[in-house]
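Since the structure comes first, as structure tokens, the remarks are kept for the end.
This one's a predicted model, so the numbers in the text were calculated from it and none came from an experiment.
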Amino acid sequence: MPSTRTPAAGSPPAVRHNLVLVVTCVALGAVVAAMASLNVALPDLARETHATQTQLSWIIDAYSLVFASLLLPAGALGDRFGRRRALLAGLAIFGAGSAAASLTTEPSALIVLRGVLGVGAALVMPATLSTITSTFPRAQRARAVSVWAAVAGAGALVGLFASGALLEGWSWRSVFLLNVALALVALVGTLLFVPESAEPRQPRLDVGGAVLAVAGLVTLVYSVIEAPTRGWADPVTLAGIGLGLVVLAGFVVFELRRENPLLDPRLFRNRHFAAGSLSIMLQFFVFFGFVFVMMQYLQLVRGDSALMAATAMLPMAVTMVPVSRAAPVLVGRFGYRGPWVAGLAGVAAGMGILSRLDASSPYWIIAAGLVPLGAGMGLAMTPATTAITDALPRSLQNVGSAMNDLARELGGALGIAVLGSLLSAAYRDHLSLPGLPQQVADAARSSLAAAHAIGGPVSGRATAAFVDGMHLALLSAAAAAVLAAVAVAALLRSAPGPEAPAEDDGVPGTADAREQSAQEQPSYL
């Protein structure tokens with residue numbers, strides 16, 4: 001297929017590759033940091049805006065939900081009309097939405113504006129990885145992807161630290177102003193250094209598939225987040241979760257019948273692609289759900305400042321980044337399966353340690369959990385990301401990039417929704433407040449910050465209830481990591497190593513490609 005990539009005869013020099021990598025990683029870091037950075041401001045948000053525990057979940061998850069829901073169509077638009085254009089448009093939306101969010105005072109308005117940020121992020125993130133995979137030669141691609149994966153993982157932690165530092169001197173609004181600054185830097189860098197790349201002859205966007213995917217994801221995540229308020233056994237909750245799953249199943253059936261699907265379910269016949277997608281989704285289910293819970297524990301239970309809470313997470317970043325960079329070497333020596341499964345086991349071990357925390361636990365226990373958690377994330381992320389991109393030919397790198405991003409953001413959205421809901425439900429169930437006026441009891445049950453504002457015995461009981469909810473949430477996260485390790489080990493047990501992606505410009509998966517001989521068909525069909 002014809003492409004607007006720079007011709008091979010005029011291959012960009014190494015310094016241009018480095019500049020492209022820096023700019024795309026700044027853009028990536030901005031949108032990834034935005035997923036986690038606001039977590040450190042949750043106590044301030046709850047106090048200033050009087051947001052309930054459910055509203056706090058929505059403020060965090062509105063971004064992730066819109067982000068995940070629009071990734072596939074946004075990625076397809078970028079591949080068709082230009083990844084550089086997608087980066088510029090996404091960064092402009094992201095920056096403008098952040099500027100507006102810094103001026104709001106209402107939880108409902110903040111939820112809506114976080115959704116706007118998600119629209120911009122959905123345009124940015126797939127364009128970053130697909131720009132790297134389409135710009136870098138194969139010999140340099142693994143190194144570039146490892147840097148991308150390290151930024152994708154550590155960007156959230158760096159965002160937490162930067163936000164914590166800002167909150168020492170300013171309000172939660174400064175977190176959004178940080179987004180504006182990063183978006184401007186990435187916007188200028190994109191204009192100056194990032195070449196345009198596109199696949200202009202790609203088929204028309206699968207609008208029907210996009211609508212079904214968005215409807216199914218929104219319905220499912222909305223029902224999970226609202227479950228603690230209504231009750232997990234409430235007919236509305238069960239009907240919403242059931243409807244979301246049915247719509248997503250309909251999406252799969254619809255895509256199987258399309259000549260040019262938004263996401264071809266047949267891709268998952270490739271075991272490396274399936275293992276990478278599942279692993280990324282469950283890793284970030286654990287990671288972002290953990291950050292949502294942990295930031296509240298550190299500030300509201302331990303009484304740490306915003307900066308101290310963010311600093312407390314540094315052992316995770318300190319181990320994640322170097323292990324992520326070393327992962328390609330380990331994979332080259334031992335193969336995919338061993339390091340990958342060991343990384344997921346480290347994530348499970350870290351969450352198991354952290355699930356034993358209580359209100360008086362010393363910091364060394366927190367650090368003892370963060371070190372294997374960070375090392376495990378770093379060790380598992382690079383092989384999972386590389387398995388997805390290397391499983392597909394060059395003409396389907398956009399699909400690999402979009403699937404990697406979708407798995408990451410969907411996992412994060414579901415992690416915040418599910419673990420946040422488990423925390424909220426257990427907090428409400430375990431908080432016994434006999435003898436209090438109903439209005440005061442309802443306020444205490446709305447959030448731990450509200451219970452602390454009431455003070456007295458209510459504050460102590462609420463802290464104990466919150467810790468009970470945290471135990472349930474983090475044990476569930478550990479179980480998700482174990483599930484990921486078992487699934488990856490099973491999928492890779494008899495799967496051959498991923499072959500080099502084909503360098504032709506055909507479009508596997510179209511009606512014409514399916515008419516090719518068996519020798520010419522891509523491996524996933």
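With contacts defined as side-chain heavy-atom distances shorter than 4.5 Å, the pair P126/L71 qualifies. F94 is listed as a side-chain neighbour of N179, based on a closest heavy-atom distance under 4.5 Å. No side-chain heavy atom of L123 sits less than 4.5 Å from a side-chain heavy atom of L87. When side chains are defined from C-beta on, M125 counts as touching V32, because their heavy atoms get closer than 4.5 Å. With contacts defined as side-chain heavy-atom distances shorter than 4.5 Å, the pair F176/L38 qualifies. Taking 4.5 Å as the limit, every side-chain heavy atom of L414 sits out of range of all side-chain heavy atoms of F288. Side-chain contact between M313 and F161 is absent, with no heavy atoms from C-beta onward closer than 4.5 Å. Between H272 and L492 the shortest side-chain heavy-atom distance falls below 4.5 Å.
Closest heavy-atom contact between I388 and G276: CD1-C, 3.6 Å. Taking both residues in full, the closest heavy atoms of T128 and A27 are given as CG2-CB, 4.2 Å, listed atom of the first, atom of the second, then distance. Closest approach of A215 to T219, counting heavy atoms only: O-OG1, 2.7 Å. The minimum heavy-atom distance between G90 and V124, with the atom names listed, is C-CG2, 3.6 Å. The shortest heavy-atom contact between S279 and W340 is OG-NE1, 2.9 Å. Residues L419 and A473 come closest through the heavy atom pair CD2-O, 3.3 Å.
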What side-chain donor-acceptor pairs closer than 3.5 Å can you find for residues 107-119, not counting sequence neighbours?
{"residue": "R114", "atom": "NE", "partner": "I59", "partner atom": "O", "Å": "2.8"}
{"residue": "R114", "atom": "NH1", "partner": "A34", "partner atom": "O", "Å": "2.9"}
{"residue": "R114", "atom": "NH2", "partner": "A34", "partner atom": "O", "Å": "3.4"}
{"residue": "R114", "atom": "NH2", "partner": "I60", "partner atom": "O", "Å": "3.2"}

Determine all donor-acceptor pairs shorter than 3.5 Å in which one atom belongs to a side chain in residues 242-255; sequence neighbours excluded.
{"residue": "E255", "atom": "OE1", "partner": "L262", "partner atom": "N", "Å": "2.7"}
{"residue": "E255", "atom": "OE1", "partner": "L263", "partner atom": "N", "Å": "3.0"}

For residues 180-193, please give each side-chain donor-acceptor pair under 3.5 Å, one per line with the distance, not counting sequence neighbours.
{"residue": "T190", "atom": "OG1", "partner": "A186", "partner atom": "O", "Å": "2.7"}

Decide yes or no on side-chain contact (heavy atoms from CB on, under 4.5 Å) for S476 and V418, but give the supporting numbers first.
CA-CA 9 Å; S476 299; V418 173; over 6 Å; no

Could you go through the side-chain contact (heavy atoms from CB on, under 4.5 Å) check for Y63 and V31 one step at a time?
CA-CA 10 Å; Y63 177 78; V31 300; 3.5 Å; yes

Please assess F290 against L373 for the test side-chain contact (heavy atoms from CB on, under 4.5 Å), listing each intermediate value before the final yes or no.
CA-CA 10 Å; F290 159 73; L373 177 59; 3.7 Å; yes

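For the pair S324 (side chain) and M320 (backbone), a donor-acceptor distance under 3.5 Å is absent. Remark: side-chain polar atoms of R173 are paired, donor with acceptor, to backbone N or O of T104 under 3.5 angstrom. Not a single donor-acceptor pair under 3.5 Å links the side chain of R408 to the backbone N or O of M281. A donor-acceptor pair is defined here as one N or O able to donate and one able to accept, closer than 3.5 Å; no such pair exists between the side chain of D264 and the backbone of L267.
Expressed to the nearest 0.5 Å, how far CD1 of I416 lies from CG of L56 amounts to 12.0 Å. Atom OG of S102 and atom CG of L177 lie 4.5 Å apart (nearest 0.5 Å). Between S277 atom OG and L491 atom CG the span is 10.5 Å, to the nearest 0.5 Å. In this structure, L483 CG and L278 CG are separated by 6.5 Å, a value rounded to the nearest 0.5 Å. Taken from CE in M351 to CG in L370, the straight-line distance is 9.5 Å, to the nearest 0.5 Å. For the atom pair CZ (F292) and OG (S64), the distance works out to 10.5 Å, reported to the nearest 0.5 Å.
Using modelled atom types and a 3.5 Å distance limit, the side chains of T24 and T131 yield no donor-acceptor pair. A donor-acceptor contact closer than 3.5 angstrom is absent between the side chains of W148 and T385.
Ring-plane geometry between W58 and Y222 is classed as tilted, the angle between the planes lying from 30 to 60 degrees on a 0 to 90 degree scale.
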